[in-house]
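Heads up: the structure comes next, in structure tokens.
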Amino acid sequence: MKNEQLKGHLDLLLLQILDGAPTHGYQIACALRERSDGAFDLPEGTIYPALHRLESQGLLISDWDTSGPRRRRMYRLTALGHAALRTQRVEWTRFVRGVGGVLGVTA
Amino acid sequence: VNTEDDIVEEYLDELFVALRGQPRQVRRMLAETEEHLRLTIIDDLARGTPAEDATVAAVARFGGAAEVARAWNASTPAEPMPTFLRRLAAQLVPLAGTGLIAIGLSGVIARIMTALWGRTFMFADHPARPTRLRPVAPGCPSTHPPGVAPTPTSPKPKPMAFSPATPRESLDSFCSAWWSSSAGGADCRSLAA
């Protein structure tokens, strides 16, 4: 998938990956690559601006985890983030169903 | 410092220069970037990749500094005042303040000295102490170029008449003529000494 196409859906993907335990940026990049089976090969550094933006929108919160040998910034969803994830999943499902209907492809 | 560290440090330097925004946010981005690169390198080393190759690959996967900075700057709200203007103002404000304090102090000192020694001591061009002595004697060269008449609106200086015989007589007659027309003191003759 082209990077420009992926960027349009990056927020949804990040929210989905963070729908669980607190996660740091490197784990998010790995999850994005592994769950897409290598299809989403975005420059990993571009994840961080998106994470910071989502945090400034109140969808995420983050703090430094200093329990290990190196400190890591851990991200997790807020209540607003969970709500945004639900909304965006519904919109995405409707969109895929619509495109599939037009193309004659069942998702 | 080994080569792998150099590669990471150079990348962080590039990114630092290209990132825009609040210093705290920029520092956080750089810290996360460094951590991300270190973890990527550690993973690759664990898979048997040589250290330098792992470092180069980690930087490549993270994306070029310009590309990452473009994504960052696009998602960062513009500052009310650009960083370089803030730095310039931070330099100029103390300088201007120091200048104003110096001007104020010089005024205070001038007032004190005036109170102690009078206005004629402080201000050389005070009306009570004429300092210009430019008599125009007959035969002095004109200030106008040859063949050019002075403009009618410009007042012609009134010549101060005296006829020098010897240098000493010349000075004496000049002084008496000048001091008789002014409120000067009696120090003129000391100039001839």
Side-chain angles (χ1 to χ4, degrees), chain A residues 1-15 17-18 22-34 36 38-76, chain B residues 4-5 7-47 49 54-79:
Chain A
M1 180 181 264
K2 289 180 182 176
N3 286 346
E4 290 306 315
Q5 288 175 301
L6 178 55
K7 281 176 187 171
H9 308 294
L10 187 58
D11 287 5
L12 171 60
L13 298 172
L14 293 176
L15 291 174
I17 289 168
L18 287 166
T23 311
H24 60 76
Y26 180 68
Q27 287 175 318
I28 295 170
C30 292
L32 203 57
R33 189 171 53 252
E34 286 165 8
S36 70
F40 297 164
D41 198 16
L42 200 67
E44 293 170 2
T46 58
I47 290 171
Y48 291 94
L51 289 171
H52 286 227
R53 179 171 40 77
L54 291 171
E55 188 175 1
S56 70
Q57 291 169 356
L59 304 182
L60 308 179
I61 52 172
S62 69
D63 46 25
W64 290 108
D65 174 18
T66 54
S67 60
R70 300 178 68 96
R71 66 176 193 164
R72 291 170 184 175
R73 192 85 187 179
M74 305 298 285
Y75 292 88
R76 62 180 185 275
Chain B
E4 293 77 46
D5 281 340
I7 293 169
V8 172
E9 292 296 329
E10 281 172 20
Y11 182 81
L12 293 172
D13 288 345
E14 267 185 68
L15 195 57
F16 172 69
V17 170
L19 291 178
R20 191 184 68 197
Q22 299 292 326
R24 182 170 295 187
Q25 294 298 318
V26 170
R27 283 194 296 111
R28 181 179 142 188
M29 175 65 186
L30 289 172
E32 288 185 284
T33 300
E34 185 173 8
E35 180 59 21
H36 188 110
L37 292 175
R38 302 283 179 210
L39 289 170
T40 311
I41 292 166
I42 289 168
D43 269 4
D44 277 4
L45 289 174
R47 282 192 281 269
T49 310
T55 308
V56 171
V59 169
R61 274 166 49 188
F62 199 80
E67 185 178 8
V68 174
R70 198 162 42 245
W72 169 268
N73 293 338
S75 66
T76 303
E79 288 181 272

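When reading the values below, keep in mind they use all heavy atoms of this one structure, side chains included, and skip hydrogens, waters and symmetry mates. Letters A, B, ... are given to chains in the order of the sequence lines, protein chains preceding strands, and every chain is numbered from 1.
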Please give me the minimum heavy-atom distance between [X] and [Y], naming the atom from each residue.
| X | Y | result |
| --- | --- | --- |
| Gly45(A) | Met29(B) | O-CE, 3.9 Å |
| Pro43(A) | Glu67(B) | CG-OE2, 3.4 Å |
| Trp64(A) | Ala31(B) | CH2-CB, 3.7 Å |

Check your understanding: Between Gln27(A) and Leu39(B), is any pair of side-chain heavy atoms under 4.5 Å apart?
Key -> no

Point to revise | Under 4.5 Å from any heavy atom of chain B - which part of Gln57(A) | key: neither

Review point. Is there any residue in residues 65-74 of chain A with a non-hydrogen atom under 4.5 Å from a non-hydrogen atom of chain B, and which ones are they?
Key: Arg70(A), Arg71(A), Arg72(A), Arg73(A)

Practice item. Mind ranking Ser56(A), Ala50(A), Pro49(A) by heavy-atom pairs under 4.5 Å with chain B and telling me who comes out on top? Key: Pro49(A)

Check your understanding: Which residue out of Gly63(B), Ala69(B), Ser75(B), Ala74(B) racks up the most heavy-atom pairs below 4.5 Å with chain A?
Key -> Ser75(B)

If I take atom [atom1] from residue [X] and atom [atom2] from residue [Y], how far apart are they, to the nearest 0.5 angstrom?
| X | Y | atom1 | atom2 | answer |
| --- | --- | --- | --- | --- |
| Leu37(B) | Tyr26(A) | CG | OH | 10.5 Å |
| Tyr48(A) | Leu15(B) | OH | CG | 11.5 Å |
| Cys30(A) | His36(B) | SG | NE2 | 7.0 Å |

Check your understanding: Looking at residues at least two apart in the chain, or sitting in another chain, which of them share a side chain to side chain contact (heavy atoms under 4.5 Å, CB included) with Ala54(B)?
Key -> Ile41(B), Asp44(B), Leu45(B), Thr49(B)

Point to revise | Chi angles and distances behind the side chain to side chain donor-acceptor pair (under 3.5 Å) call for Thr46(A), Arg70(B) | key: CA-CA 9 Å; Thr46(A) 58; Arg70(B) 198 162 42 245; over 6 Å; no

Point to revise | Donor + acceptor pair across side chains of Glu32(B), His52(A) (<3.5 Å) | key: yes

